[in-house]
Amino acid sequence: MQTITTPKLLYALLITLALLLSGCQNRAMDLEQVGEDERIVIKFSHVVSELTPKGLAARRFAELVHERTDGLVEVQVYPNSQLYMDGEEVDALINNNVQMIAPATAKMTEFFPELLLFDLPFLFEDFEQVHRYIDSEGGEKLLDKFQTDNMLSLTMWDNGFKVMTANRPLYTPDDFAGLRFRIMPSRVLEAQFAQLGAQTRDMPFSDVYAALERGTVNAAENPPSNLYSKRFYMVQEHLTVSNHGYLGYLVLTNQTFWQGLPEDIREILEETLAEVTQWERKIAAEQNKRDLERIINSGEIEVHYLSEAEKAAWREALMPVHQMFLPDIGTELLQGTP
């Protein structure tokens, strides 16, 4: 028997379909209409260029969070010390003036002495060794320790392996004598250069270019991505590809803020951050390789790759630094490293 659809029945079906579609879209529609008072704002402050691995990762995190929360959560990224400089961003986080920062591990050793481990020279040979350690049970336990003064560690991001720049060639440990190196605030980095006969000066990252240009310091250590993005290679004469130390970032949040978020929102943020961390690792390796090539191709600085014999001499000169900081770091943590 043929079924005849009356206008009334057709109208009823259309209304039912519209209601079903409306129910599926309620969350998206509601979030599109979220008022300013309802939106969750996360200020993410950092001190490097948007074009560095950290800068790109922060921006990707912001974009994905906006997409996955339909605009309910807005991550506002402030690069290049726009809000706070090196020495200011930790206090800003503790006071909840910003909700996320990603300082170099060296800058957090005052709060978490165990982080001195990542500053030790020639501890890791490559990214694979770093990631194996961070992703291990010991590495996860280490990250779990970094909670104090209303700070909570979320993950670690890569920058890269550091190279040396100076206004004279650096081939042997003796070549460091008398140089003035800009460093991040870290007792390991102070000891590293003291061991090589050099002086050090701790200063904010935003001040480094001017300090090198004026001669306030005449040498520095940085991964290629920082050297290129901040054009430090334009105010130095020699670069030695030493890859002597790893530089990573501890991604931190304000603990009270984070734990006060709705559980479903916090879950989205944590899942997104884990995904971005894997993506950031990939681009950090690629970008540092590409930026080193750009520096070399610029012709602005003499570049020297350490030979195996030269690297062995550097490593031997710097091994005493490991023993100096064993009491601060602990034998157990060092046993988990390569």
Side-chain angles (χ1 to χ4, degrees), residues 46-55 79-82 84-89 103-107 119 121 159-249 287-306 314 318:
H46 67 81
V47 303
V48 298
S49 164
E50 286 184 293
L51 301 179
T52 58
K54 176 165 62 174
N80 284 316
S81 303
Q82 287 178 2
Y84 298 100
M85 295 173 63
D86 277 336
E88 303 168 342
E89 60 180 5
T105 56
K107 298 171 185 175
D119 289 338
N159 186 323
F161 281 82
K162 294 178 286 186
V163 300
M164 298 283 195
T165 58
N167 286 340
R168 67 172 183 240
L170 298 175
Y171 302 156
T172 73
D174 292 339
D175 295 332
F176 286 79
L179 286 172
R180 298 185 304 279
F181 273 82
R182 177 268 171 173
I183 63 166
M184 295 179 288
S186 164
R187 289 181 290 130
V188 168
L189 299 182
E190 287 180 17
Q192 169 184 280
F193 288 109
Q195 190 71 16
L196 295 170
Q199 301 171 15
T200 57
R201 181 165 176 178
D202 160 19
M203 67 175 60
F205 187 68
S206 56
D207 294 347
V208 176
Y209 184 94
L212 290 170
E213 188 176 38
R214 295 169 186 161
T216 307
V217 292
N218 53 19
E221 58 169 8
N222 285 284
S225 63
N226 282 0
L227 269 177
Y228 185 75
S229 65
K230 290 298 186 180
R231 299 172 63 84
F232 295 157
Y233 67 97
M234 300 290 288
V235 286
Q236 296 270 261
E237 297 175 12
H238 296 272
L239 185 159
T240 299
V241 182
S242 51
N243 295 330
H244 61 281
Y246 167 77
L247 174 58
Y249 301 117
Q287 186 166 357
N288 277 287
K289 179 180 179 182
R290 183 171 62 249
D291 286 349
L292 180 58
E293 291 172 353
R294 288 170 170 168
I295 292 168
I296 293 170
N297 292 337
S298 75
E300 296 288 342
I301 190 169
E302 284 288 327
V303 178
H304 173 72
Y305 283 81
L306 285 182
W314 284 40
L318 290 169

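Values below: all heavy atoms of this structure, side chains included; hydrogens, waters and symmetry mates excluded. Residue numbers run from 1 in the order of the sequence given.
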Legend entry - V188 to P121 - nearest heavy-atom pair and separation: CG1-CD, 4.4 Å

Legend entry - L247 CG to T105 OG1 distance, which is reported to the nearest 0.5 Å: 6.5 Å

Legend entry - Inter-residue atom distance Q287.CD - L51.CG, 0.5 Å rounding: 7.5 Å

Listed pairs under 3.5 Å, donor-acceptor, residues 198-218 side chains, sequence neighbours left out:
unit_1, atom_1, unit_2, atom_2, d
N218, OD1, R180, N, 2.8

Inset, instruction - Find the distance between CD (Q192) and CD1 (I183) and round it off to the nearest 0.5 Å. - result: 9.0 Å

Inset, instruction - Taking the side chain as every heavy atom from C-beta outward, state whether W314 and M164 have any pair of such atoms under 4.5 Å apart. - result: yes

Legend entry - N226 (side chain) donor-acceptor with P223 (main chain) under 3.5 angstrom: no

Inset, instruction - Could you walk me through whether S225 and N159 pass the side-chain hydrogen bond (donor to acceptor under 3.5 Å, both in side chains) test, one step at a time? - result: CA-CA 8 Å; S225 63; N159 186 323; 2.8 Å; yes

Return all side-chain donor-acceptor pairs below 3.5 angstrom for residues 294-305, not counting sequence neighbours, or 'none' if the list is empty.
unit_1, atom_1, unit_2, atom_2, d
R294, NH1, D291, OD1, 3.0
N297, ND2, E293, O, 3.1
S298, OG, I295, O, 2.6
S298, OG, E300, N, 3.2
H304, NE2, E310, OE1, 2.9

Inset, instruction - Find out whether F232 and N222 are in side-chain contact, i.e. whether some heavy atom of one side chain is under 4.5 Å from a heavy atom of the other. - result: yes

Legend entry - Any donor-acceptor pair under 3.5 Å from Q236 side chain to A166 backbone: yes

Inset, instruction - Verify the neighbour count for atom CZ of R231: are there more than 12 heavy atoms of other residues, nucleotides or ligands below 6.0 Å? - result: no

Legend entry - Heavy-atom closest contact (N80 atom, K230 atom, distance): OD1-NZ, 2.7 Å

Legend entry - Where D175 and L179 come nearest, the two heavy atoms and their spacing: O-CD1, 3.8 Å

Inset, instruction - Mind checking the CD-NZ spacing from E89 to K107? Nearest 0.5 Å is all I need. - result: 6.5 Å

Inset, instruction - Report yes if some heavy atom in the side chain of R182 is under 4.5 Å from a heavy atom in the side chain of L189; otherwise report no. - result: no

Legend entry - Nearest non-hydrogen partners of F176 and T172, listed with the distance: CD1-O, 3.7 Å

Inset, instruction - For T240 and S242, indicate whether the former's side chain and the latter's backbone hold a donor-acceptor pair under 3.5 Å. - result: no

Inset, instruction - Decide yes or no on side-chain contact (heavy atoms from CB on, under 4.5 Å) for Y249 and H46, but give the supporting numbers first. - result: CA-CA 10 Å; Y249 301 117; H46 67 81; over 6 Å; no

Inset, instruction - Determine whether H238 and L170 make a side-chain contact, defined as any pair of heavy atoms from C-beta on separated by less than 4.5 Å. - result: no

Inset, instruction - Specify the closest pair of heavy atoms between N167 and V235, including all atoms of both residues, with the distance to one decimal. - result: OD1-O, 4.0 Å

